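I have placed the structure first, in the form of structure tokens, so that the comments after it can refer back to it.
Both ligands and their constituent atoms are indexed starting at 1 by order of listing. Source: prediction; values computed, not measured. Heavy atoms only: backbone and side chains are in, while hydrogens, waters and symmetry mates are out.
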Amino acid sequence: MQNRFQFHAEESHCDKEDAPSVKVFDQSFTFTDHNLIGWGLNSNQSMPRSPWHHYLPQASIRVAKNCIRAITTSTCTELALQFSFISTLFHQTTAAATPTTTTAKKKKKKKMALSSPEATNLNTAKIPENPSSPCSIHLQKLPHLTDYLPNLKPLPNPLEKNTLYHPPAGFYINQSEVVLGKIILDLSADSEAVSSHSPQVAYSRAGPRWQVFFEPKDIKAAIVTCGGLCPGMNTVIRELVVGLWEMYGVRQIYGVTAGYRGFYSRDPIELNPKLVHNWHKLGGTALETSRGGFDLNKIVDAIEHHGFNQVYIIGGDGTMRGAVNIFNEIQRRKLNIAVAGIPKTVDNDIGIIDRSFGFQTAVEMAQQAINAAHVEAESAVNGIGLVKLMGRSTGHIALHATLSSRDVDCCLIPEIDFYLEGEGGLFEFLEKQLKENGHAVLVVAEGAGQDMIPRTEAQKEERDESGNLVFLDFGAWLKSELKNWWARDHANELFTVKYIDPTYMIRAVPANATDNLYCTLVAYSAIHGVMAGYTGFVSGLINGNYAYIPVEEVAHARNEVNTKDHKWAWVRSVTNQPDFVKP
Ligand SMILES: Nc1ncnc2c1ncn2[C@@H]1O[C@H](COP(=O)(O)OP(=O)(O)OP(=O)(O)O)[C@@H](O)[C@H]1O
Ligand SMILES: O=P(O)(O)OC[C@H]1O[C@](O)(CO)[C@@H](O)[C@@H]1O
Ligand SMILES: [Mg+2]
């Protein structure tokens, strides 16, 4: 017997007596051992404090017009597992069920297939007929303090008694609520998702939990910012302070200054809502930041020494790799300290999350540079406006700024190969643009074309304090190459290149309204997660919803521009730039 609808949980527990019953088209069935395993609910696995073992007593699958909603409800205080799926995935789901109730038995022989018109119409999508092709969900396991401190006792959430909050019904997030990592699926039989049976990855939904694992009076929280600047860092700090203070009544909140090195080399500063009141209006980080200085033992020793039991780490990919090490060391030492990361990257190079806070602000600021370049180029004879935008190894800022501006004729990013001379090259394209329009605007990401620039041996090895390769200025190099080209091919014609490098101006500003809101919600999400005892996680936006993601996963997930998708095709159509394919 096979269930086409599977649920995988890395830690799951279900006693036979607790086997969930499932209702499909008014028919109920109870999962047997066999199909429990099919659901990934392995009855042999008994995990203390498994997030699932509370939730299985009842389950129902209701078929709504074109979607199936699976709901399990609990006899315990918290409610359960909820997710929805497109109906056609379940075309033959019910054939797999074992009816057990009287009603179910009566209807046992009735063919159970979706009869909605929507489902029938979708037959053209060649949904696989083979019932052994399951569509399954894999929940990413979120580390919890009780994983290694099983005796910790949960407490009711203090928000219950917070007169400012009055939690209404539905306020608390069930541990079983998930956010799907991927919301676009190809349901055709030969699509990878269906044919390879690969499960859909899901993350725990962020938000306040009914139970917490910290007594507010015992909390000593630390906040640190690391890596480069990004609009909104101060807002995140502010909201962590205000959120901890106002929501959970925490009174010991500290800022660790100057990045990771600050843990062991500086005294933490005490923070309170009054002090941070205006910080969201300021660019940069009031706690100061730095690169390098990551000394694991010194950092964890200092955390222990100061008595911090909640550590909030704001930073980019490098910072998150450091946070993984800190979390692992804290686990190894079996310390009752929760670690939460808040991903920050102006480059938007962190994977899994939709985008980092501050990214939209940076793109908005980049418009000003592009506008200026356009005006300069248009006002010159054979004028070229050249703008270099941040993006160490990804071209997201350049791409988004190009798409929003519409004044850009060519966008060069690290993810594409391009060349200057010859047929199909940049110079040929610019020559045509200048002839037709009299001017051109070029946007380059800082990491683009690094292989083209001649480097000395020393330059090849140069790294910053964190170990990141130091890039040469591609914009400045390209400007001189453009001038050489023009002087060589058009000796007596006027030509102007205006190079604008707004580098730090796009990231050293306060966050705009959208980013400020994002900062607030991502900070509050982190607080709720830590209060609930989760650790080694980051809070972030996934498909428009706030979720908790294991920090280990975030630290290694890169977000590069996909030059095969529609967005990049759109860039090419907006700019009309060449594909840089050598004839
Ligand atoms: N692999 C790693 N393990 C431990 N710590 C690391 C690692 N990589 C970087 N770090 C530390 O994380 C901090 C920030 O790293 P980095 O300078 O690379 O910035 P980032 O967090 O990636 O942010 P951004 O790139 O957006 O500026 C530094 O203190 C650095 O020493
Ligand atoms: O000069 P800094 O502060 O080391 O940072 C420069 C780098 O930081 C970023 O802004 C973020 O990683 C990159 O775009 C840029 O290469
Ligand atoms: Mg980085």
- prompt: Which protein non-hydrogen atom lies closest to atom 19 (O) of ligand 1, naming both residue and atom, and how far is it?
  reply: R291 NH1, 3.2 Å
- request: Ignoring hydrogens, just give me the one of G467, S356, G292, C226 whose non-hydrogen atom is nearest atom 28 (C) of ligand 1.
  value: G292
field: T285-T225 side chain donor-acceptor pair, cut-off 3.5 Å
entry: yes
message: Check this for me, if you would: do R558 and D347 make a salt bridge, where the nitrogen-to-carboxylate-oxygen distance has to be below 4.0 angstrom?
response: no
task: Output yes when the distance from some N or O of ligand 1 to some N or O of S290 is under 3.5 Å, and no in every other case.
output: no
statement: Here the atoms of ligand 1 under 4.0 Å from any heavy atom belonging to F294 are 4 (C), 5 (N), 31 (O)
- request: Could you tell me if the ring centre of Y264 sits under 6.0 Å from that of H305?
  value: no
message: Does either side chain, that of D354 or that of Y518, offer a donor lying less than 3.5 Å from an acceptor on the other one?
response: no
field: Proximity winner for atom 27 (O) of ligand 1, if only heavy atoms of G293, G228, A258, G259 are counted
entry: G228
- request: State yes or no: are the ring centers of F359 and H400 separated by less than 6.0 Å?
  value: yes
- prompt: side-chain hydrogen bond (donor to acceptor under 3.5 Å, both in side chains) between N297 and D301: does it pass, once the steps are laid out?
  reply: CA-CA 6 Å; N297 280 322; D301 287 350; over 6 Å; no
message: Counting only heavy atoms and a distance below 4.0 Å, can you name the residues contacting ligand 2?
response: R291, V346, D347, M390, G391, R392, E446, Y504, R507
- request: Examine ligand 1 and decide if any of its atoms is less than 4.0 Å from a heavy atom belonging to M320.
  value: no
task: Using the ring pair (Phe, Tyr, Trp, His ring centres under 6.0 Å) rule, take Y534 and H528 through it: C-alpha gap first, then chi angles, then the decisive distance, then the call.
output: CA-CA 9 Å; Y534 292 120; H528 292 312; over 10 Å; no
query: Could R333 and E304 be called an ion pair, given the rule that one side-chain N must be under 4.0 Å from one carboxylate O?
result: yes
- request: Run the numbers for me: atoms of ligand 1, each under 4.0 Å from some heavy atom of G318, listed by number.
  value: 6 (C), 7 (C), 8 (N), 9 (C), 10 (N), 11 (C), 12 (O), 15 (O), 18 (O), 20 (P), 21 (O), 22 (O)
message: For R392, is there an ion pair with D349 - N to carboxylate O distance below 4.0 angstrom?
response: no
query: Any idea which protein heavy atom is nearest atom 17 (O) of ligand 1, and the distance to it?
result: S466 OG, 2.6 Å
- line: Quick note on ligand 1: atoms under 4.0 Å from a heavy atom of R321 include exactly 1 (N), 2 (C)
message: Does the structure place the NZ or CZ of K483 under 6.0 Å from the centre of the six-membered ring of F495, at an angle of no more than 45° from the ring's axis?
response: no
query: With a 6.0 Å cut-off on ring centres, are H306 and F263 close enough?
result: no
message: Minimum distance, heavy atoms only, to atom 25 (O) of ligand 1: which one of I326, D317, D295 is it?
response: D317
Selection residues 260-282 - residue pairs positive for salt bridge (charged side-chain N to carboxylate O under 4.0 Å, His left out), sequence neighbours left out: R266-E288
task: Side-chain contact test, heavy atoms from C-beta onward, threshold under 4.5 Å: evaluate it for Q200 versus K182 and give yes or no.
output: yes
message: Quick test: of every protein heavy atom, which one is nearest to atom 21 (O) of ligand 1, and how far off is it to 0.1 Å?
response: T319 OG1, 2.4 Å
- prompt: Should G316 be counted as touching ligand 1, given the test is an N or O pair under 3.5 Å?
  reply: yes
- request: Do me a favour and list the nearest non-hydrogen protein atom to atom 24 (P) of ligand 1 with residue, atom name and distance?
  value: K344 NZ, 3.5 Å
message: Can you confirm whether E552 is buried at CD, in the sense that more than 12 heavy atoms of other residues, nucleotides or ligands lie under 6.0 Å from that atom?
response: no
task: Using a strict 4.0 Å threshold on nitrogen-to-oxygen distance, state whether E465 and R291 make a salt bridge.
output: no
query: Does NE2 belonging to H556 count more than 12 external heavy atoms closer than 6.0 Å?
result: yes
Which pairs of donor and acceptor atoms, one on a side chain in residues 313-320, lie under 3.5 Å apart (sequence neighbours left out)?
residue : atom : partner : partner atom : Å
D317    : OD2  : R321    : NH2          : 3.4
T319    : OG1  : G316    : N            : 3.4

task: Among all protein heavy atoms, pick the one closest to atom 3 (N) of ligand 1 and tell me residue, atom and distance.
output: N325 ND2, 3.6 Å
- prompt: At a non-hydrogen distance cut-off of under 4.0 Å, which region of N468 contacts ligand 1 (side chain, backbone, both, or neither)?
  reply: side chain
- prompt: What protein N, O or S atoms come within a distance below 2.8 Å of the Mg ion (ligand 3), ordered by chain and number?
  reply: D317 OD1
